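As the structure is a computational prediction, the values presented were derived from the model and not from experiment. We count residues from 1, following the sequence as given. The basis for the numbers below is simple: all heavy atoms, side chains too, and nothing from hydrogens, waters or symmetry mates.
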Amino acid sequence: SNSTITNTIIAGSGNDSNFGTNVREDSIIAGRGNTGKIKKGLMIGDQHAYGDYGENNIIFGAQTTGTDNDKVLNNCLIGGLQNTVANLDNTQSSFIIGQSNILNGESSAAIGFDNSVRGDYCAAIGFRNNISGDNNQTIAIGGQNTNNSADDIKQVIIGWNNEGSTVDDNIIVMGHRTEADDVVSNCALVVGGAEGAGRPNQAFQVQKSLTRTEGDPNYYANIYMTDLQDYADDTAASNAGVGIGGLYHTGGTVKIRTS
């Protein structure tokens with residue numbers, strides 16, 4: 001072994017280096033087959049194999065790996081099974097909890113199963129959420145949501161299989177199979193839902209104020225219901241599946257079904 005060990009407790013078997021000089025200082029390593037550098041950290045479990053765990057990290061579980069072993073991981077918490085630290089450039093202050101998550105970003109988090117977080121100041125909570133883009137400050141909660149955006153577009157996505165905006169910043173997308181770009185521009189909130197293979201449906205959208213000048217028609221936020229259906233009366237709405245208390249319109253007049 002080419003290891004340099006200082007003030008470190010090592011317990012278990014096969015906790016050695018596959019990455020040349022293995023500096024281990026002021027740390028605790030316990031388990032089996034753990035490799036890589038670590039300083040002022042805690043590594044517990046089975047076959048963690050990242051190159052340089054840097055300083056002040058806690059690694060537990062099994063089979064944490066990295067796709068760029070020349071980068072340094074600092075001030076991070078990683079726990080679970082088969083999580084991956086991907087192409088990090090001196091990543092700081094991020095954490096992964098769960099199984100088969102991928103994280104590449106600063107001050108970001110992946111919690112759950114098979115989430116992919118590739119951006120700074122982001123979080124994915126749930127399963128198979130996909131966040132990409134540098135510095136986009138996005139949060140995805142639920143399952144199979146994607147932010148769908150370039151850099152510096154901040155959004156919160158909540159629900160199932162929703163797609164975030166590629167153009168509107170500071171937007172909230174909620175529901176099931178909602179597509180944020182299939183709406184009016186400059187939105188602050190999109191809520192929708194659709195079952196099966198039909199096109200995504202937007203129940204309503206809230207458009208941001210377009211001006212800061214009070215009294216201007218564009219000073220106020222607007223509500224849009226682009227998918228609100230046109231029925232002649234409550235009977236026709238009922239036959240189409242609109243429940244009691246549901247909204248529809250008749251030639252542009254919004255109504256509430258009451259009977």
Side-chain angles (χ1 to χ4, degrees), residues 86 94 98 101-212 216-230 240-243 246-249 252 254:
S94 292
N101 298 292
I102 298 175
L103 189 144
N104 175 3
E106 183 175 346
S107 300
S108 293
I111 303 172
F113 173 73
D114 203 21
N115 295 295
S116 176
V117 178
R118 300 177 184 272
D120 298 333
Y121 316 110
C122 297
I125 303 171
F127 67 99
R128 292 179 179 161
N129 296 296
N130 189 344
I131 298 175
S132 61
D134 292 335
N135 194 33
N136 55 26
Q137 302 176 48
T138 290
I139 298 173
I141 302 173
Q144 297 181 319
N145 298 298
T146 177
N147 67 326
N148 219 19
S149 69
D151 299 345
D152 298 315
I153 292 184
K154 297 175 283 295
Q155 48 193 318
V156 177
I157 308 169
I158 302 172
W160 170 272
N161 205 20
N162 299 302
E163 293 189 13
S165 176
T166 62
V167 292
D168 286 332
D169 198 8
N170 299 307
I171 185 172
I172 299 173
V173 182
M174 302 176 65
H176 180 200
R177 299 191 68 250
T178 302
E179 289 187 1
D181 283 346
D182 190 23
V183 297
V184 296
S185 62
N186 201 41
C187 269
L189 172 66
V190 183
V191 178
E195 293 289 345
R199 77 170 182 86
N201 175 276
Q202 282 71 46
F204 69 90
Q205 307 105 48
V206 177
Q207 187 182 47
K208 302 170 190 173
S209 169
L210 301 179
T211 178
R212 293 178 179 268
D216 187 297
N218 292 319
Y219 176 76
Y220 304 98
N222 294 305
I223 295 176
Y224 289 82
M225 293 183 287
T226 54
D227 285 320
L228 194 65
Q229 298 301 297
D230 189 342
V242 178
L247 295 177
Y248 67 97
H249 75 94
V254 177

Atom pair [atom1] ([X]) and [atom2] ([Y]), whose distance is rounded to the nearest 0.5 Å:
X: Thr166; Y: Glu179; atom1: OG1; atom2: CD; value: 10.5 Å
X: Asn186; Y: Gln207; atom1: CG; atom2: CD; value: 6.0 Å
X: Tyr224; Y: Gln205; atom1: OH; atom2: CD; value: 9.0 Å
X: Thr138; Y: Asn130; atom1: OG1; atom2: CG; value: 11.0 Å
X: Cys122; Y: Gln137; atom1: SG; atom2: CD; value: 7.5 Å

Counting only N and O atoms by type, is there a donor-acceptor contact under 3.5 Å from the side chain of [X] to the main-chain atoms of [Y]?
X: Asn115; Y: Gly126; result: yes
X: Thr178; Y: Asn162; result: no
X: Asp120; Y: Gly105; result: no
X: Gln155; Y: Ser165; result: yes
X: Ser94; Y: Ser107; result: yes

[X] versus [Y]: any side-chain heavy-atom pair under 4.5 Å?
X: Leu189; Y: Phe204; value: yes
X: Ile171; Y: Val190; value: yes
X: Met225; Y: Leu247; value: yes

Partners meeting side-chain hydrogen bond (donor to acceptor under 3.5 Å, both in side chains) with [X] (sequence neighbours left out):
X: Ser116; value: Arg118
X: Asn161; value: none
X: Gln144; value: none

**Item:** All ring pair (Phe, Tyr, Trp, His ring centres under 6.0 Å) counterparts of Phe127, not counting sequence neighbours
**Value:** Trp160
**side-chain contact (heavy atoms from CB on, under 4.5 Å) partners of Ala140, counting only residues at least two apart** =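 Result, side-chain contact (heavy atoms from CB on, under 4.5 Å) vs Ala140: Asn129, Ile131, Asn145.
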**Message:** List the residues meeting salt bridge (Lys or Arg N to Asp or Glu O under 4.0 Å) with Asp169, not counting sequence neighbours, and say none if there are none.
**Reply:**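 By the salt bridge (Lys or Arg N to Asp or Glu O under 4.0 Å) rule, Asp169 matches Lys154.
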**Message:** Tell me the closest heavy-atom pair linking Val117 and Ser108, and the distance in Å.
**Reply:**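 That would be CG1-CB, 4.0 Å.
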**Asked** In this structure, which one of Ile141, Asn147, Ile139 forms a side chain to side chain contact (heavy atoms under 4.5 Å, CB included) with Ile157?
**Response**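 Looking at Ile141, Asn147, Ile139, the match for Ile157 under the side chain to side chain contact (heavy atoms under 4.5 Å, CB included) is Asn147.
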